[in-house]
Amino acid sequence: MKTKDVVLKVLVEFSRLLIGVVFIFSGTVKAIDPMGGAIKIGEYLSAFGLDFLHAFSTLLSINLSAIEFTLGVSVLLGVYRRYASFFTLVFMALMTPLTLYLALFDPVSDCGCFGDAVILTNWETFYKNVVLLAAAILLFIHNQRMLQLYTFKVYWFVALYAYLFCVVFAYWNYNHLPMIDFRPYKLGANIPELMSIPEGAPEDEYNYSFIYEKEGVKQEFSLEDIPTADSSWVFVDAKTTLVKKGYEPPVAAFNLYTSEDDLEVTDRILDDPNGVLLLIAPKLEEADDSRIDEIITIYDYALENKITFYGVTGSSSDVVVDWTNNTGAEYPFLIADAELLKTVIRSNPGLVLLKSGTILGKWHYKDIPEEEEVKEVMEESLSGLTVVKKKEDDPSLVIILTFTLPLLFVWMYDYFRNRRRKKEECAASIEEAHI
């Protein structure tokens, strides 16, 4: 084999691995947190004046994750090589100019390519997409050089299985809390610590300049060069430019206010050593009320055990009154930023248990404990056992095996039923030809 062919083969295989792994990773992290993806898509729609499509944000989020995942699997395993490389190229041809626009005009701060798992700046995202676009072009041109792990007869199963698996996985995460919490507010996290700035951490660095005018001519001076000795210069304006970003705590702010008098009670909530239950509903007018009985049971338990209980929302006081009247809620409400609440928990409503500022429990409204389970679940959570069990019962390995084992069995079937038989038939034909 010529050196040129070897180099080309290496480049094609590297591109296959790069695109396959990146697309699978991107689709997976989006599927783990489809609500986060829906929020990011909503930001895009608002930035481009397409607010009327907000109702489809969740559907778009789930399908986007499934499409990326399926393309990644198809490219990595050499399934439908021509079509997979073509659609990958189309995808990157659309996303690369879009991310250039985001980098230039910054309508959204983070593209959300890897959800909250890996945060990239818009420029970093653009450079990443340039590399992927180059790899996609190479794969499309030389798609027949890609490694092929399956025969054409089982392509349909691999592609369909990858898509349906990701859709089901994303839908499960949508109906419960994300299997992996990529945000700062995970179980065991201490909110005051997340807001603190370590001693000696780098601070923001700024460049200061000043504009003076003399005889109708404006000139910009640095702090050291200000013409203080010449009184004919008249100060006009000052400019401050951020040169280097300093340390940014994982949680910038966590502010809670009473709904009646707008009094901040953040410290009181985060310092409570007995425990605080927060029923969080970013948009109370859209909150699901199908688990009201379970919520009331939790509230009664909190009263009996001297655990503080609050509803927390980003909605107006009128909406709070409507919720109270419709559900019979007797617990008081606090007000917080709706975006903050969406980050704390991916459920509307969702239940969060704090103790001395540490998150000891989080429940999607569909997973709020039943009446007979409340005492055991709350005691276990307050003791910190839930955090330990969460780490011990990590379902990641089960999910990976659930996806890979069927593909392995199909590969074995395909090898012995199709590929091996084909080799035997070819060998027999060659032998007959020689005879």
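As the structure is a computational prediction, the values presented were derived from the model and not from experiment.
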Measure across Met92 and Ala136 and return the closest heavy-atom pair with its distance rounded to 0.1 Å.
-> CG-CB, 4.3 Å
Report yes or no: do Tyr155 and Gln148 form a side-chain donor-acceptor pair below 3.5 Å?
-> yes
Give a yes or no on whether the backbone of Ile368 and the side-chain of Arg291 come within a donor-acceptor separation of less than 3.5 Å.
-> yes
Give a yes-or-no answer on whether the side chains of Asn129 and Thr99 include a donor-acceptor pair shorter than 3.5 Å.
-> yes
OH of Tyr174: more than 12 outside heavy atoms within 6.0 angstrom?
-> no
In terms of heavy-atom contacts, Phe333 and Val312 come closest through CD2-N, 4.0 Å
Derivation of the side chain to side chain contact (heavy atoms under 4.5 Å, CB included) call for Leu242 and Glu205 | CA-CA 6 Å; Leu242 179 65; Glu205 296 180 15; 5.9 Å; no
Lys NZ or Arg CZ of Lys153 over Tyr413 ring: under 6.0 Å, within 45° = no
Side-chain (Glu124) to main-chain (Thr121) donor-acceptor, under 3.5 angstrom | yes
Should we say atom CD of Glu13 is surrounded by more than 12 heavy atoms from elsewhere, each under 6.0 Å from it?
-> yes
Test: Lys375 and Glu379 ion pair at under 4.0 Å | yes
Between Asn190 and Glu193, is there a donor-acceptor pair closer than 3.5 Å when you use the side chain of the first and the backbone of the second?
-> yes
CD1 on Ile180 to OG1 on Thr28, rounded to 0.5 Å = 9.5 Å
Looking only at heavy atoms, what is the nearest atom pair of Val344 and Lys362, with distance?
-> O-NZ, 2.6 Å
Has Tyr44 got more than 12 heavy atoms of other residues, nucleotides or ligands less than 6.0 Å from its OH?
-> yes
Assign the ring pair Phe152 / Tyr80 to parallel, tilted or perpendicular, where the plane angle (0 to 90°) is split at 30° and 60°.
-> perpendicular
Side-chain H-bond candidate by donor/acceptor type, Ser316 with Asp318, under 3.5 Å | no
Keeping the roles fixed (side chain from Asp367, backbone from Trp363), state whether a donor-acceptor pair exists under 3.5 Å.
-> no
N/O donor-acceptor pair under 3.5 Å between Asp204 side chain and Lys245 backbone | no
Say you draw a straight line from CD1 of Ile359 to CG of Asp181; how long is it, rounded to the nearest 0.5 Å?
-> 8.0 Å
Do you know which of Ile24, Val21, Thr88, Leu17 makes side-chain contact (heavy atoms from CB on, under 4.5 Å) with Val75?
-> Thr88
Would you tell me whether Asp288 and Tyr365 have side-chain atoms, one donor and one acceptor, within less than 3.5 Å of each other?
-> yes
Results of ring-ring contact (aromatic ring centres under 6.0 Å, His included) for Phe87 - residues two or more places apart only | none
For His54 and Ser46, does a side-chain donor sit closer than 3.5 Å to a side-chain acceptor?
-> yes
Sequence neighbours left out, what pairs pass salt bridge (Lys or Arg N to Asp or Glu O under 4.0 Å) with at least one residue falling in residues 36-62?
-> Lys40-Glu43
Could you go step by step and tell me if Val374 and Ile298 meet the side chain to side chain contact (heavy atoms under 4.5 Å, CB included) rule?
-> CA-CA 7 Å; Val374 170; Ile298 298 284; 3.7 Å; yes
N/O donor-acceptor pair under 3.5 Å between Asn173 side chain and Asp33 backbone | no
For the residue pair Arg346 and Gly36, what are the closest heavy atoms and their distance?
-> NH2-CA, 3.4 Å
Crowding at NZ, Lys283 (>12 non-hydrogen neighbours, <6.0 Å) | no
Phe48 and Tyr101 aromatic centres sub-6.0 Å | yes
Roughly how far, to the nearest 0.5 Å, is CD of Glu286 from CG of Asn348?
-> 6.5 Å
Val22 to Leu132 - nearest heavy-atom pair and separation = CG1-CD1, 3.9 Å
Phe403 ring center within less than 6.0 Å of Tyr161 ring center | yes
Any chance the side chains of Asn63 and Tyr163 put a donor and an acceptor closer than 3.5 Å?
-> yes
Taking atom CH2 of Trp123 as the centre, report whether more than 12 heavy atoms of other residues, nucleotides or ligands fall under 6.0 Å from it.
-> yes
In short, Ser61 meets Pro34 closest at the heavy-atom pair OG-O, 2.8 Å
Glu376, CD: over 12 other non-hydrogen atoms inside 6.0 angstrom | no
Does the ring centre of Phe86 sit less than 6.0 Å away from the ring centre of Tyr83?
-> no
Does any N or O in the side chain of Lys30 come within less than 3.5 Å of the main-chain N or O of Glu68, such that one atom is a donor and the other an acceptor?
-> no
Would one find more than 12 heavy atoms of other residues, nucleotides or ligands at under 6.0 Å from atom OH of Tyr247?
-> yes
Carboxylate-amine/guanidinium contact Lys244 Glu203, below 4.0 Å | no
